[in-house]
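Below is one structure, written out as structure tokens; the observations come after it.
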Amino acid sequence: MKHLVIIGNGIAGITTARHVRQQDSRVRITVISAESEHFYSRTALMYIYMGHMTYAHTKPYEDGFWTKNRIGLLRGYVEQVDTLAKRVRLSDGQWLDYDVLVLATGSVSTTFDWPGLTASGVQGLYGLPDLERIEQFTKNIDRAVVVGGGLIGVELAEMLRSRHIDVTMLVRDTHYWSSTLPREEGKLIGRHLLRHGVDIRLQTELKEILAGPRSADASGRVRAVVTKAGEEIACQFVGLGVGVTPNVTFLKTSGIELGKGVLVNKYFETNVADVYAIGDCNEFRDPVMGTDGTLRKPIEQIWYTGRMHGETLARTLCGTRTAYQPGVFFNSAKFFDIEYQTYGTMNAEFIDDEQTFYWEHPAGEQCLRINYRKTDQSVVGIHAFGLRLRHAVCEHWIQQRTPFENVLSQFDQADFNPEFSESYINQLTGHVPTRKGWFKRLFST
Amino acid sequence: MLTIWQRIGLTAFLIGFALFIATLSLSRYTLTDKVLSETVSKEQLDAIRSATASMHGKTYTSSFGFVADYRTAIARLNEAYKQRNETNLLIPDYAFLVTKSASTGFFPENSQLFFWLSLLLSVGGGLLYILPTQRELPGIKNNGIYHSPATNRGWIGIVIGTFLIGFYIVLYFFPEYLTNWVLMFDPLSRLLNGGPASQWFVYGTLYTLVILVMGVRMLIKYRHSRYQQLRTLSVMFFQTAFAFLIPELLALFHQPAQDLKNMWPLDYSFYFDYRIDEKIKAGTLGMFMLVWGTALWLLGVPILTYFFGKRWYCSWVCGCGGLAETLGDPYRQLSDKRLGAWKLERIVVHSVLVFAVVMTALVMYTYLSGQTLLFGFLDSNGVRSVYGSAIGAVFAGVVGTGFYPILGSRVWCRFGCPLAAYLGLVQRFKSRFRITTNGGQCISCGNCSTYCEMGIDVRWYAQRGQDIVRSSCVGCGICSAVCPRGVLNLENDSITTRQTNPGPILLGNNSFRIQQ
């Protein structure tokens with residue numbers, strides 16, 4: 001391999017580039033991106049809008065890092081991949097040859113064919129251009145509608161509320177994020193959203209977006225949405241948070257086989273030699289199985305997944321063909337003030353073979369759930385809201401199929417809350433707290 | 001969006017603050033025999049009186065004219081002494097005391113009215129502005145920090161920074177223009193320590209008030225975090241009791257005024273001759289202070305830092321830290337995170353530590369041997385006065401605090417404090433403290449690095465699954481508080497469990513293992 005070309009400078013593409021450079025000091029590496037000159041953390045987009053950080057703060061590496069590590073950065077949009085001649089064409093007409101091509105093109109916001117979708121002021125949130133448009137669309141407005149009860153939806157709601165914009169949130173199901181969360185947790189988040197002034201409308205779906213009159217050079221400005229129940233909700237902005245779709249349309253004529261995403265095997269190999277796909281944009285032909293024995297989704301659009309793809313592919317590219325083998329599933333998010341961490345398998349609907357342990361703090365803003373098999377009592381999943389858990393400990397318990405009783409009785413090992421936090425461990429186990437003397441508390445761990 | 005109470009509070013604060021500044025120009029100044037006999041030494045009274053004869057009875061409307069004429073007269077007199085080689089007769093600088101005493105008119109007679117009016121308006125207004133933030137739900141609310149010109153190095157920040165820099169320059173180098181403030185604080189000073197106020201008493205009182213008011217702001221802002229609350233209460237307590245009240249009361253009982261939580265080498269004059277003599281003269285209590293102050297840095301620092309990291313001092317006890325964690329909190333994000341800043345920091349802060357040690361060694365040598373020169377050229381008096389003005393005044397005060405709104409709240413602690421450097425060495429090499437990174441959960445968002453007041457690129461470590469073991473970390477815990485994914489935690493545990501060598505891949509990916 002003389003020239004490695006990576007399309008996409010997100011977490012997947014950049015992790016590949018960094019890890020290849022660590023193992024191979026000679027190969028030429030070029031990372032192409034249309035979105036930004038440097039790698040930035042997509043997950044921090046909301047914080048730029050909210051004024052917690054500037055764009056510069058979201059760049060995990062100083063600008064000189066790329067020159068120092070001889071990772072070439074090319075700003076441009078790839079319009080065509082010619083796999084026979086092993087080259088890609090950029091939108092400015094320039095061709096770039098590759099020996100190995102890595103597709104790490106990420107996602108685009110999902111839309112449905114709602115009438116009025118093209119109105120000005122309707123916007124998803126995925127990348128920097130989206131953020132710029134949201135900034136323009138939400139200047140001096142006071143009412144917005146967010147469509148979708150998922151992670152992007154709640155981020156959009158939090159962003160808008162930080163600017164004191166009234167938000168109505170349309171959620172298709174009977175509770176928030178029902179595809180992932182059991183009822184209690186969905187309700188808990190729903191209550192929290194209400195406290196933050198989000199007008200959350202359950203079992204409500206978007207039917208149509210109404211726009212004001214068109215001007216000569218632009219589509220009309222959004223003025224309201226209509227729900228399937230026929231209700232009209234006035235608004236000056238519509239945020240779309242109904243998920244993301246692999247960004248692969250530019251590959252339709254390339255001969256690279258596509259499903260919803262770029263189809264790959266467990267080595268991230270596409271049907272074309274020397275072309276690989278990782279991160280949000282790929283789709284496994286045969287779903288991979290985690291080491292905890294659970295099948296992963298064929299398309300897993302998660303930051304951590306992109307990173308793990310990059311770590312693994314780099315090894316293959318450097319000569320050791322390595323199959324992707326994720327460990328125990330994990331993910332995290334934050335819903336306004338409530339942090340969320342999840343480990344292992346947590347089904348939204350209970351399955352027969354499983355039992356569940358659920359604890360909720362009386363104040364209703366913290367909870368913990370542990371799911372375990374009926375048969376051998378082994379723990380399969382743990383998630384927490386408003387509590388911090390130790391990744392390594394949770395992973396170990398699930399990987400080792402630790403019985404529920406043992407997990408519960410040793411739960412303090414998984415506690416990752418800051419020092420002096422109110423202890424919830426005794427509430428979990430029902431034990432009477434044993435007080436350590438102040439001296440012991442100060443000088444032991 | 002400000003509530004009506006916040007608007008009233010802000011207005012009251014600004015009026016009180018403006019009034020406080022304005023008092024500096026409210027006096028008239030007249031030099032009289034009485035003024036001179038109260039302030040200058042008896043032997044020099046006659047000489048000064050005749051030298052300043054042209055000023056007598058004349059009323060000045062500003063301190064600038066008064067100080068200028070007085071200084072010119074004394075300079076002429078001293079020049080004459082020098083020409084006659086009578087350097088033993090040279091007049092020391094009495095400008096501050098003379099100006100204070102020469103103050104006349106409406107202001108000195110009504111100084112308490114101005115004192116209470118300006119203080120109540122500023123403190124009350126400040127609290128009115130701060131307290132309504134309670135209505136927001138608890139949690140990290142850094143909304144708009146980079147949109148506001150007060151906190152993003154915008155024009156408000158530059159105005160505040162310019163004021164603070166000016167304040168420190170006048171305080172350290174031109175206190176004779178602050179005599180009206182000192183007059184206002186005289187009654188409070190007499191109540192606490194039995195004597196008249198100095199500019200340092202004014203500064204100490206304002207410093208404590210600022211920590212208390214801005215401490216209330218911290219308590220509200222972090223009311224969801226007990227670590228932050230306890231830490232804030234701790235710095236408020238140590239400032240009020242140890243830095244302010246106890247030394248004043250010690251002075252009231254004619255004991256050496258000592259801040260018992262401060263220590264060498266931050267307290268760089270601890271081993272100066274006059275402070276040692278003062279303690280020896282004070283008997284048992286003085287000896288105790290000498291032993292306590294020495295034990296604090298000799299034993300306290302290594303032992304406590306081994307168990308808890310340097311945070312036990314820097315973000316829980318220290319006065320400079322106390323100001324940084326309260327007044328400085330709105331500016332913490334402005335610290336420089338670049339690699340270059342870290343390199344500069346290591347050179348500068350350790351140089352200051354070496355400077356402090358050498359300076360103190362020279363001072364001790366002089367104290368014990370009576371010789372001021374070492375190797376024929378190192379003059380301990382010269383070295384110690386350079387340290388005092390360059391490090392003690394300019395670095396710690398003018399740069400350290402003056403530049404809060406431009407360079408962040410910990411410039412002194414990071415680049416200049418010799419004690420922080422010493423604590424940092426222990427923390428880096430021999431401490432149970434570390435900030436733990438939680439497996440593979442980091443999303444590289446950058447909140448931790450942005451809000452690190454010490455300019456540590458926390459994310460660099462977090463995103464590679466490495467624990468943060470850095471000599472500069474003061475353990476304020478804000479990185480952990482602002483982390484949206486629960487990745488960072490301040491912990492004390494056996495030194496061998498500090499993860500400073502991460503594996504090739506992060507937790508959660510089992511595709512391969514590399515034998516280490």
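Letters A, B, ... mirror the listed sequences (proteins, then strands); counts begin at 1.
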Of the non-hydrogen atoms in [X] and [Y], which two are nearest, and what is the gap between them?
| X | Y | answer |
| --- | --- | --- |
| A:Glu62 | B:Lys337 | OE2-O, 4.1 Å |
| B:Gly508 | A:Phe330 | CA-CE2, 3.8 Å |
| A:Glu339 | B:Arg485 | OE1-C, 4.1 Å |

Determine whether [X] and [Y] make a side-chain contact, defined as any pair of heavy atoms from C-beta on separated by less than 4.5 Å.
| X | Y | value |
| --- | --- | --- |
| B:Thr436 | A:Arg390 | yes |
| A:Pro326 | B:Asn509 | no |
| A:Phe416 | B:Glu491 | yes |
| A:Asp337 | B:His224 | no |

When rounded to the nearest 0.5 angstrom, what distance separates [atom1] in [X] from [atom2] in [Y]?
| X | Y | atom1 | atom2 | answer |
| --- | --- | --- | --- | --- |
| B:Arg231 | A:Glu419 | CZ | CD | 11.5 Å |
| B:Gln463 | A:Ser41 | CD | OG | 8.5 Å |
| B:Ile505 | A:Arg315 | CD1 | CZ | 8.0 Å |
| A:His309 | B:Ser511 | NE2 | OG | 8.5 Å |

Is it true that a side-chain atom of [X] and a backbone atom of [Y] form a donor plus acceptor pair closer than 3.5 Å?
| X | Y | answer |
| --- | --- | --- |
| B:Asn438 | A:Leu389 | yes |
| B:Tyr451 | A:His52 | yes |
| A:Thr43 | B:Ile443 | yes |
| A:Thr58 | B:Cys445 | no |
| B:Asn489 | A:Asn417 | yes |

> What residues form a side-chain hydrogen bond (donor to acceptor under 3.5 Å, both in side chains) with B:Arg135, not counting sequence neighbours?
Replying inline: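 side-chain hydrogen bond (donor to acceptor under 3.5 Å, both in side chains) check on B:Arg135 returns nothing, list empty.
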> Does CZ belonging to A:Phe284 count more than 12 external heavy atoms closer than 6.0 Å?
Replying inline: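 Yes, enclosed.
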>> Check this for me: A:Arg191, atom CZ, are more than 12 non-hydrogen atoms of other residues, nucleotides or ligands nearer than 6.0 Å?
In response: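 Check passes, neighbour count above 12.
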[options]: which one forms the most heavy-atom pairs within less than 4.5 Å of chain A?
| options | answer |
| --- | --- |
| B:Gly486, B:Gly439, B:Ser225, B:Gly139 | B:Gly486 |
| B:Ile145, B:Leu490, B:Asn447 | B:Asn447 |
| B:Cys483, B:Pro138, B:Ser444 | B:Ser444 |
| B:Ala481, B:Gly446, B:Gly440 | B:Gly440 |

> Contact part of A:Tyr61 toward chain B, heavy-atom cut-off under 4.5 Å: side chain, backbone, both or neither?
Replying inline: side chain
>> B:Thr496: which residues meet the side-chain contact (heavy atoms from CB on, under 4.5 Å) condition with it, sequence neighbours left out?
In response: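 Scan of B:Thr496 (side-chain contact (heavy atoms from CB on, under 4.5 Å), adjacent residues dropped) gives B:Ser494.
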> What pairs with A:Gln399 under side-chain contact (heavy atoms from CB on, under 4.5 Å), at least two apart in sequence or on another chain?
Replying inline: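 Listed in chain order: A:Thr291, A:Val328, B:Asn510.
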Sort [X] into side chain, backbone, both or neither according to what part of it lies under 4.5 angstrom from a heavy atom of chain A.
| X | answer |
| --- | --- |
| B:Val482 | neither |
| B:Leu488 | backbone |
| B:Leu507 | both |

>> With a strict 4.5 Å heavy-atom criterion, list every residue of residues 300-307 of chain A that contacts chain B, or say none.
In response: A:Trp303, A:Tyr304, A:Arg307
>> Below 30° counts as parallel, above 60° as perpendicular, anything between as tilted: where do the rings of B:Tyr146 and A:His57 land?
In response: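 Geometry flag for A:His57 against B:Tyr146: tilted rings.
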> Hey, mind stepping through B:Ser480 and A:Arg388 against side chain to side chain donor-acceptor pair (under 3.5 Å) and telling me if it holds?
Replying inline: CA-CA 11 Å; B:Ser480 162; A:Arg388 293 176 169 183; 3.1 Å; yes
